[in-house]
Each structure stands twice: as structure tokens, then as C-alpha cells.
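Presented below is the structure to which this report refers.
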Amino acid sequence: MSKTQAGRFFEDFTLNEEIHHALPRTLTEGDAALYQSLTGSRFALQSSETFARAAGYDRIPLDDILVFNVVFGKSVPDISLNAVANLGYAECDFLAQVYVGETLSARSTVIGLKENSNGETGTVYVRTEGLDHRGVPILSYVRWVMIPKRDPNSPAPDAVVPELGKTVERLTIPRHKINRYWNPTLSGSSHFWEDYSTGEKIDHRDGFTVEESEHMMATRLYQNTSRVHFDAHFTKESRFGQRIVYGGHVISIARALSHNGLGNACILSAINGGSHTAPTFAGDTIYAWTEVLSCQALENRKDIGALRLRTRAVKNRPATDFPEKGKDIVLDLDYTVLIPCRR
Amino acid sequence: MSKTQAGRFFEDFTLNEEIHHALPRTLTEGDAALYQSLTGSRFALQSSETFARAAGYDRIPLDDILVFNVVFGKSVPDISLNAVANLGYAECDFLAQVYVGETLSARSTVIGLKENSNGETGTVYVRTEGLDHRGVPILSYVRWVMIPKRDPNSPAPDAVVPELGKTVERLTIPRHKINRYWNPTLSGSSHFWEDYSTGEKIDHRDGFTVEESEHMMATRLYQNTSRVHFDAHFTKESRFGQRIVYGGHVISIARALSHNGLGNACILSAINGGSHTAPTFAGDTIYAWTEVLSCQALENRKDIGALRLRTRAVKNRPATDFPEKGKDIVLDLDYTVLIPCRR
Amino acid sequence: MSKTQAGRFFEDFTLNEEIHHALPRTLTEGDAALYQSLTGSRFALQSSETFARAAGYDRIPLDDILVFNVVFGKSVPDISLNAVANLGYAECDFLAQVYVGETLSARSTVIGLKENSNGETGTVYVRTEGLDHRGVPILSYVRWVMIPKRDPNSPAPDAVVPELGKTVERLTIPRHKINRYWNPTLSGSSHFWEDYSTGEKIDHRDGFTVEESEHMMATRLYQNTSRVHFDAHFTKESRFGQRIVYGGHVISIARALSHNGLGNACILSAINGGSHTAPTFAGDTIYAWTEVLSCQALENRKDIGALRLRTRAVKNRPATDFPEKGKDIVLDLDYTVLIPCRR
């Protein structure tokens with residue numbers, strides 16, 4: 001048996017199989033600094049200890065997308081090393097806030113399998129959970145990927161496609177009161193939960209040009225091993241003829257850009273669904289705009305409310321006209337943020 | 001009202017207005033490591049805990065230019081997002097040493113306004129202060145920028161141009177004795193205060209080629225949001241047709257290069273004046289040379305002296321002939337360092 | 001005398017001379033995060049505090065090659081600033097594990113000198129030691145470099161070529177039992193010491209394309225000042241017409257790639273010998289393969305064994321056919337790792 005991991009093919013997945021992923025990872029202030037330097041994240045809660053304390057936290061929480069990307073990275077060698085496409089996300093629930101010093105690990109359960117009609121590939125659905133050092137889940141999400149079959153003639157498994165919620169039903173909410181000392185001058189935005197309305201569209205204005213070294217540094221920080229991100233020699237002969245930017249880096253960039261317009265939406269509570277609608281390459285400039293899908297009051301909470309948002313990232317054109325379709329759109333993300341109410 | 005910040009125009013500034021900037025920022029060991037990795041800084045005091053302790057510090061101080069750039073970054077969204085040019089600095093006073101764990105915030109006061117004769121732009125003078133977590137100033141400097149008017153027909157304000165000192169008058173000096181255990185082998189230089197003389201010229205020899213990802217990573221580390229540094233799509237149609245390197249990154253590089261010749265000048269005490277005389281772009285190689293403007297003994301201090309220096313950074317040519325003028329010069333910085341005396 | 005260091009020439013070295021290098025350097029979590037982000041290192045022992053504790057360590061050890069590169073970097077201004085070639089390494093002994101918070105310094109002793117027959121260059125052999133904050137050696141290695149003579153007519157010194165061991169004789173082994181809780185699922189490899197055999201060849205499969213900013217960031221992190229890595233203007237007129245990637249970065253990459261096939265070989269114990277057989281440039285894609293030279297049981301230890309390995313890094317072609325010769329080979333490294341035995 002080869003000692004080198006070459007990744008699984010479609011036949012290698014079994015329904016209900018639980019896969020424990022390698023490489024527990026202790027997160028440090030170094031990771032947080034690199035995340036900011038590579039993505040441009042500017043949310044005050046994740047930048048400042050004084051701000052975090054005023055908002056009722058003991059210390060600076062780590063950026064939620066950093067945590068997502070680290071957990072995702074662990075699952076890559078077992079799930080998607082040979083993936084043809086990363087088709088979508090659903091039911092992504094941020095179950096607990098993660099801090100510097102935490103050691104994250106991950107496991108996935110195969111919850112669906114469906115061979116494609118061409119007989120050459122199949123779709124694998126997994127629920128992946130990120131775990132803290134005690135093994136308690138801090139993140140849970142479903143993703144599905146297209147995986148080639150090792151042998152087109154191997155028999156198809158019974159098709160099982162999981163029913164996925166369109167939103168995360170019960171949001172995880174911090175227990176403490178959030179808005180007591182929330183300072184809009186310091187957060188960089190004077191817009192609170194009450195200021196947003198369903199159907200509102202926000203152009204985040206700024207653009208961000210991606211470089212090869214940046215997306216690779218981010219992706220290595222997450223210990224994601226998918227060769228399409230790192231290997232210019234190998235990808236020269238691939239469909240796109242070049243390295244592809246890891247989709248999670250595009251999510252990080254879109255989230256960072258959204259500060260300009262959503263500066264108080266510091267807490268990501270759920271990703272209801274999402275897809276990477278086109279590839280991003282080094283040299284592309286990413287812009288983003290957001291539609292407010294709904295404004296949700298939270299039971300027994302007057303300090304904080306939820307906004308369900310749909311952010312689209314586009315490349316090489318501004319988002320001033322709020323584009324909904326087209327080859328320019330590289331990310332379509334439906335997610336829920338928590339945002340303080342006016343005091 | 002749009003929720004997206006698009007920056008102020010000349011008409012939006014009022015004399016004596018105090019502007020509190022967003023995003024307090026807690027500095028970490030991650031920031032210090034990135035600063036070294038991105039700039040090549042090599043001063044022993046900022047590299048080594050054992051060296052810092054021998055020099056009378058409790059722990060490693062953060063690089064002064066890192067602190068400057070973080071404070072500067074906070075002021076960008078309110079002051080210079082639409083700036084046509086960053087015209088100059090003066091009276092930059094480093095009031096206290098900053099350490100890992102400190103949370104910095106910033107505020108600016110408009111101290112001058114003058115419309116330009118073309119009626120299309122004006123110069124805004126601000127004094128910006130960096131504050132520690134208690135709100136105590138740790139850095140104070142004046143800068144002036146050229147800002148477009150929103151409407152060329154709007155009336156000009158009364159012209160007020162502040163009188164600016166040519167040097168920082170009272171230098172902030174560490175109270176403890178610096179040179180007791182200062183080891184020139186470990187600092188990388190055997191040249192002390194007594195070894196420098198007025199008029200002396202030093203070529204720092206080494207060159208440093210700037211890459212897009214490096215200047216953007218540094219500039220994002222400072223949460224500077226000026227789009228000219230990050231957006232290749234937008235800048236394609238701009239005057240230079242490409243992204244511009246943030247001037248503060250060029251200061252960092254020039255300061256780092258100056259270690260070769262000024263290795264004991266570990267403490268930056270003041271920036272008396274400075275200007276970015278030409279833009280720097282990715283691909284440019286930066287060299288630097290320094291003229292000693294004066295050697296200043298400090299009252300009641302035999303352990304340490306001051307050197308007033310003028311460092312010019314040039315691009316794409318060595319500085320061996322000490323160039324004073326020309327399009328190659330990208331930075332002209334007049335500043336004061338503290339340097340140990342021989343024991 | 002110029003205050004600027006321009007590096008030593010062959011005549012400037014004296015046999016048995018001891019050179020204390022500048023810039024003690026305190027290593028932080030920021031350095032560890034950058035190392036991972038720049039090299040893609042994935043060994044569990046260096047990634048996870050929970051894993052490190054289960055393996056009997058108090059906390060996460062720093063990557064051995066990071067330590068090697070930091071010590072090497074200190075020696076550059078005194079030894080190899082003017083080197084024409086970095087000819088080889090031998091007898092590299094990792095004497096103690098290094099952790100975050102340690103301050104490293106370095107010294108070198110000239111152990112050999114031999115002028116080349118052309119009279120224009122000579123080979124300098126040094127033993128370099130890395131020291132912890134107490135001055136206790138934590139790393140010791142020999143390297144030899146080709147250095148130009150300042151004056152081809154200056155007399156040649158008596159030729160002294162040190163006798164160098166082909167391996168490091170007495171390996172430094174952690175005292176505690178390593179394999180008690182070693183979890184192969186978490187380490188990412190189910191292959192233990194018993195699973196490797198002499199003569200076995202392992203293709204590490206993945207490729208890694210090097211970018212200018214990445215190798216420069218890594219090399220600046222090590223405070224290595226050799227201008228051939230940083231200065232595109234200067235190197236345009238040099239032999240290769242461009243910047244050269246620091247060889248230690250190539251070692252880091254090869255070691256990181258080797259995780260795929262050697263995932264449990266978390267502890268580097270010795271580098272028996274090595275050479276950079278061809279230059280690496282930005283844009284090159286690095287692959288690696290390893291031959292098991294020998295499997296060595298350790299006296300009185302049933303928890304851990306040693307493998308002597310020979311890893312070759314190649315560029316711009318996969319290593320699937322285990323190439324032993326050719327211009328594609330950029331690194332040939334003979335080293336010894338410790339790897340847990342099956343329980």
C-alpha cells in the first residue's frame with residue numbers, strides 16, 4: 001500500500017460513514033494577524049480587546065470565517081482532494097465562539113451519495129463538524145462535492161440525497177448583553193439592526209485584487225492540501241490552465257469587504273447556503289454587494305437582532321449595479337449575522 | 001443615506017473639528033512577526049527579549065514605524081480616502097514606547113484648510129494622535145493631504161495654514177540608562193553616537209524589491225483602506241495605471257535598510273518632516289542613503305545621544321552616489337533617532 | 001572606515017577564528033504561524049497543543065527547520081554575504097527542542113580554509129552553533145561556502161579541509177516516551193517506524209509553486225540579508241538574471257511536502273549532509289521524493305526509532321519516477337528523523 005495519500009474516489013465513500021480528520025490545530029495570535037493581513041478584515045470586535053470587552057466578551061473572539069476555513073481545511077484530504085467541483089454549502093451553524101489558544105479538530109459524516117448520470121462522477125454530501133479541545137462541536141455544516149469515480153464501471157450506490165434546511169433554524173446567540181457599551185464611532189458604522197430593511201441593497205464599494213502568494217498563504221494557514229490551489233505545473237494542463245483561488249478565501253474577502261456598509265455586523269451566526277458560482281484566479285479583483293433578505297428580532301433580546309443577508313462577490317467589475325447573474329459572479333452566499341440594536 | 005463610506009471631500013472638513021477614528025486595534029506578536037517578515041526590520045532591540053532587557057526594557061518594544069502605520073491607517077477612512085496626494089508630515093512625536101498587548105486608537109483635529117487656486121482641490125492639515133487603551137497619546141503628528149472638492153463651485157473656506165515646527169522640540173527619551181549592557185556585537189553595529197558626525201553620508205547598500213502582495217499585506221495589517229493600494233481594476237484607469245505602494249510601507253523599508261550603517265539607532269524619537277516625492281510601484285527596488293544633519297547631546301544623559309538624520313529612498317538604482325534630487329527619489333524623511341553613547 | 005557592512009572576502013577569514021553573530025531573536029507564535037503559512041508545514045506535533053501534550057511535550061515545539069533557518073540567517077552577514085555558492089552542509093545536530101519564547105543567537109568557528117586553483121575564490125568551512133538565551137547550544141552544523149578573494153594576488157593560506165562525518169553519530173533523543181498516546185488518525189499517517197524499510201522510495205506527490213513574495217517573506221523572517229534573494233535590480237546583471245530562492249526555504253518546502261508519506265516523522269534529529277544542487281527561482285514548482293537509507297533501532301527505546309532519509313526536491317516535474325540526477329534536482333538532503341513505533 002502506498003504511504004502517500006492521493007485522496008478518495010466516489011466508490012470510497014459509504015453512507016453514514018464517520019471520518020475523523022487529521023491535524024488538530026491550535027490557533028494563535030499569529031493566525032489572527034495573518035488572517036487580517038491576508039483578508040483585510042476590519043470588524044472591531046475581532047480587532048480590539050478593549051472593544052471586545054466593552055461588548056461583553058472576555059477577550060477578542062477569532063473571526064468566524066477563519067474558524068470555518070480551518071475546519072474546512074482539515075476535511076480536504078479525506079473528502080475533496082480529488083473533487084471536480086465544490087458544489088455547495090448548507091446548514092452551517094456557528095455553535096460557539098472560538099478564541100486564541102483553542103485547538104480545533106474535525107470529523108465528517110457521509111449523509112448522501114448520488115452517482116451522476118454520466119457514470120463518471122458522483123455527488124458526496126457530508127456533514128462536517130469542527131470540535132474544540134474537549135471534542136465539543138463549535139461548528140457544523142453540510143457541503144457537497146462532485147467526486148470522480150475510480151472506475152466508471154463500478155456499480156452505483158443507492159442514491160440518497162439529504163433534505164437540507166433553507167436556513168439554520170435555531171441561531172446560537174451569545175448569552176451576554178451585547179449593546180451596552182457598543183460604540184459606533186469605534187466600530188466604524190452608525191447603522192444598527194433597526195436601520196436595515198428587507199430588500200435593501202448595499203454596495204460594499206471597495207475592490208480587492210487577489211495575488212497568488214496571498215491566496216496560497218491563506219490556504220496553507222488552513223492546512224488545506226488541495227493541489228489546484230498550489231501547483232502551477234499541475235494546473236497548467238487542467239481545465240483552467242492555472243491555479244484556482246480556494247473558495248473559502250473568497251468568502252473571507254467578501255466578508256471583509258462587507259464591513260463597509262455592515263460594520264456592526266461583527267458576529268456571523270449561520271451560513272444558510274452558498275456556492276462558488278465561478279472560479280477566482282490570481283489577478284482578479286473582487287467586489288461585493290449585499291441584499292438584506294430579512295430582519296429578524298430575537299426572542300427575549302432587545303440588545304441584538306439578526307439579519308439574513310445574501311452577499312454576492314463579483315470579479316473585475318464594481319458591484320454598483322447589484323448584479324444578480326452572470327459569469328462575473330464568483331460567490332453567492334446566504335448567511336445570518338447578529339448586529340446590535342440601538343440602545 | 002448610504003451605509004457605505006465613500007470618504008470625505010474638501011467641503012466636509014471644518015477647522016478645529018475633532019474626528020475620532022474607528023477600529024481600535026490590539027497589537028500582538030503576530031503583528032510584530034509580520035512586520036519583520038514584510039519589511040526586513042533587523043534592529044536588535046525590537047528582535048530580542050534578552051537584548052531589550054539588557055538595554056533596560058522590561059520586554060521587546062514594538063517597532064516605532066509599525067505603531068506609526070497602525071495609527072495612520074485608522075485615520076485613512078476619515079481623512080484621506082479621496083486624497084489626490086499625501087503631501088507631507090511634520091512634528092511627528094513618539095511620546096511613549098508601545099508593547100505587544102496594547103490597544104491603539106486614534107483621533108485627528110483639523111488644524112488647517114486652504115483651497116487651491118484651481119478651485120477643484122484643497123489642502124487639509126490634520127494633527128493625528130495615537131492613543132493607548134487609557135486614551136493617553138503615544139504618538140502625535142501633523143500631515144497634510146490634497147483633497148478634491150465635491151463641487152468646484154462651492155465657496156472656499158478662509159485659508160488657514162498652520163505654522164509647523166521644523167523639528168520636534170522636546171524629544172521623548174526613555175528614563176532608564178540605555179547603554180549599560182549594550183552589546184555592539186549583538187546589535188550588529190560597532191558605531192555609537194560619538195562615531196557619527198554632521199554632514200556624514202551613509203549608503204545603506206542593500207536593495208529591496210517590492211511585490212504587490214507584500215505591500216498589500218502590510219497595508220491591510222494597518223487596516224488602511226485606501227483603494228489605490230488594493231484595487232488593480234480601479235487603478236487601471238487612474239493616473240498611474242496601477243496600484244500604488246502605501247508610503248508608510250516605503251518608510252518601513254527605508255528604516256529597515258538603514259540598519260546597515262545605523263544598527264544601533266534602535267529608537268525612533270521623532271519625524272521632523274517628510275514627503276513621498278514620487279510613487280513606488282510593485283516591482284520597484286528600493287535603496288536608501290542617509291545624511292547626518294546634526295548630532296545632539298541630551299541634557300543630563302551620558303548614556304544616549306540624538307542624531308537628526310535625513311534619509312532618502314531611491315528606486316531602481318543604488319544610492320552609492322548619494323542622490324539628492326531626481327524622479328528616482330521616492331522618500332525624503334527628516335527624523336531623529338536615539339543611539340547609545342560609548343560606555 | 002565605512003559604517004556599512006559589505007561582507008567578508010576570503011582573506012578576511014582566519015583558521016580557528018570564532019565569530020559571534022549579531023541579532024539575537026526571540027521566537028513567537030507569530031513566527032510559527034508565518035512558517036506554516038509560507039511553507040505549508042503540516043506535522044501534527046508542531047500544529048497542535050493537544051497532540052504535543054499527548055506525545056509527552058509540555059507545549060508545541062517549534063519546527064526544526066524554522067530553528068535551523070533562524071540560526072543560519074544570523075550567520076549570513078559574517079559568513080556568506082559575498083558567497084558565490086553555498087556548497088554544502090554536514091554534521092547538523094539538533095541538540096535541544098526549541099519553543100516559543102526562546103531567544104536564539106549564533107556563533108561560528110572557522111574550521112577550514114582552502115583557496116581554489118583559479119586563485120580567485122576559496123572555500124570557507126565553518127561550524128555554526130545556535131544558542132539559547134543561556135548560551136547553551138541547541139543546534140550545531142558545518143557548512144562550507146565559496147567566497148571570492150578581495151585580491152586575486154593575495155597569498156593563499158595553508159589549506160585545511162576538515163574531516164566531516166557522513167552522519168551525526170549520537171542522535172539527540174527526547175527523554176520521554178513518545179508513542180503512548182500517538183494517534184495516527186490525528187497525525188495524518190498510519191505508518192510507524194516498523195512500516196518503513198531500507199531502500200523504500202516514497203513520492204510525496206504534491207507540488208508547490210514558489211512566489212517571489214513568499215520566499216522573500218520567509219527569508220526576511222530569518223533576518224537573512226543575502227542580497228541575491230531580495231534585490232531584483234542587482235540580480236538582473238548577475239549570473240541568473242533574477243533573484244534566487246534561499247536554499248533553506250527549499251528545505252522547508254521539501255520537508256513540508258514529505259508529510260504526505262512521512263506524516264509521523266515529526267522530529268528532525270540530524271542533517272547528515274546536503275547540498276543545493278541547482279538554484280530555485282520564483283515560478284518554479286517544487287516536488288519531492290524520499291529514499292529510506294536505513295532504519296535504525298534506538299538503544300533502550302521501544303517507543304521510537306530513527307529513519308535515515310534522503311530527500312530530493314525537483315522542480316517543474318513530478319517526482320513519480322524518483323529522479324536521482326539531472327538539472328531538475330534542486331536539493332539533495334540526507335537527514336535523520338525520529339518516528340514512533342507501533343504500541
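No hydrogens, no waters, no symmetry mates; every other heavy atom, side chains included, goes into these values. The structure presented is a predicted model; accordingly, all values stated were derived computationally and were not measured. Protein chains get the first letters and strands the later ones, always in sequence-line order, with residue 1 at the start of each.
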Please state whether the side chain, the backbone, both or neither of [X] comes within less than 4.5 Å of a heavy atom of chain A.
{"X": "B/Leu23", "result": "both"}
{"X": "B/Leu81", "result": "side chain"}
{"X": "B/Thr28", "result": "both"}
{"X": "B/Arg227", "result": "side chain"}
{"X": "B/Ala232", "result": "both"}

- Task: Nearest 0.5 Å please: distance from the CE atom of B/Met217 over to the CG atom of A/Leu38.
- Result: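 Taking CE in B/Met217 and CG in A/Leu38, the distance rounds to 4.0 Å.
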- What distance separates B/Thr4 OG1 from A/His191 NE2, expressed to the nearest 0.5 Å?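 Interatomic distance, B/Thr4 OG1 to A/His191 NE2, rounded to 0.5 Å: 8.0 Å.
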- Query: In terms of heavy-atom pairs under 4.5 Å, which option from B/Ser105, B/Pro77, B/Ala6 contacts chain A the most?
  - Reply: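 Most heavy-atom pairs within the cutoff with chain A belong to B/Ala6.
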- Item | For chain A, the option from B/Lys236, B/His229, B/Met216, B/Glu214 that forms the most heavy-atom pairs under 4.5 Å |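 Most pairs with chain A among the choices: B/Met216.
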Should we count [atom1] of [X] as having more than 12 external heavy atoms under 6.0 Å?
{"X": "A/Phe240", "atom1": "CZ", "answer": "yes"}
{"X": "B/Asp58", "atom1": "CG", "answer": "no"}
{"X": "A/Arg343", "atom1": "CZ", "answer": "yes"}

- Counting heavy-atom pairs under 4.5 Å to chain B, which of A/Asp31, A/Thr185, A/Asp203 comes out on top?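 Max contact count across the listed options: A/Thr185.
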Side-chain touch [X]/[Y], heavy atoms, less than 4.5 angstrom:
{"X": "B/His133", "Y": "A/Glu49", "result": "no"}
{"X": "B/Asp231", "Y": "A/Asp206", "result": "no"}
{"X": "B/Thr225", "Y": "A/Arg42", "result": "yes"}

- Message: Quick check on A/Glu200 against chain B: is it the side chain, the backbone, both or neither that has a heavy atom closer than 4.5 Å?
- Response: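 It is the side chain, since no backbone atom gets that close.
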- Portion of A/Ile60 that has a non-hydrogen atom of chain B nearer than 4.5 angstrom: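 The side chain, not the backbone.
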Considering all heavy atoms, the nearest [X]-[Y] contact:
{"X": "B/Thr103", "Y": "A/Ser48", "result": "CG2-OG, 3.5 Å"}
{"X": "B/Phe234", "Y": "A/Tyr287", "result": "N-OH, 3.8 Å"}
{"X": "B/Arg220", "Y": "A/Ser37", "result": "NE-O, 2.6 Å"}
{"X": "B/Pro24", "Y": "A/Thr50", "result": "CB-OG1, 4.1 Å"}

Using modelled atom types and a 3.5 Å cut-off, is there a donor and acceptor pairing between side-chain atoms of [X] and backbone atoms of [Y]?
{"X": "B/Gln5", "Y": "A/Gly188", "answer": "yes"}
{"X": "A/Ser213", "Y": "B/Ser213", "answer": "no"}
{"X": "A/Gln36", "Y": "B/Leu221", "answer": "yes"}

- When the ring planes of B/Phe230 and A/Phe208 are compared, do they come out parallel, tilted or perpendicular, using 30° and 60° as the limits?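 Parallel, since the angle between the ring planes stays under 30°.
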- Query: Taking atom types as modelled, is there a side-chain donor on B/Gln223 or A/Ser47 under 3.5 Å from an acceptor on the other?
  - Reply: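 Per modelled atom types, B/Gln223 and A/Ser47 side chains form a pair under 3.5 Å.
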- Query: Is A/Glu211 salt-bridged to B/Arg243, going by a charged N under 4.0 Å from an acidic O?
  - Reply: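 Looking at B/Arg243 together with A/Glu211, the answer is yes, because their closest N to O distance falls below 4.0 Å.
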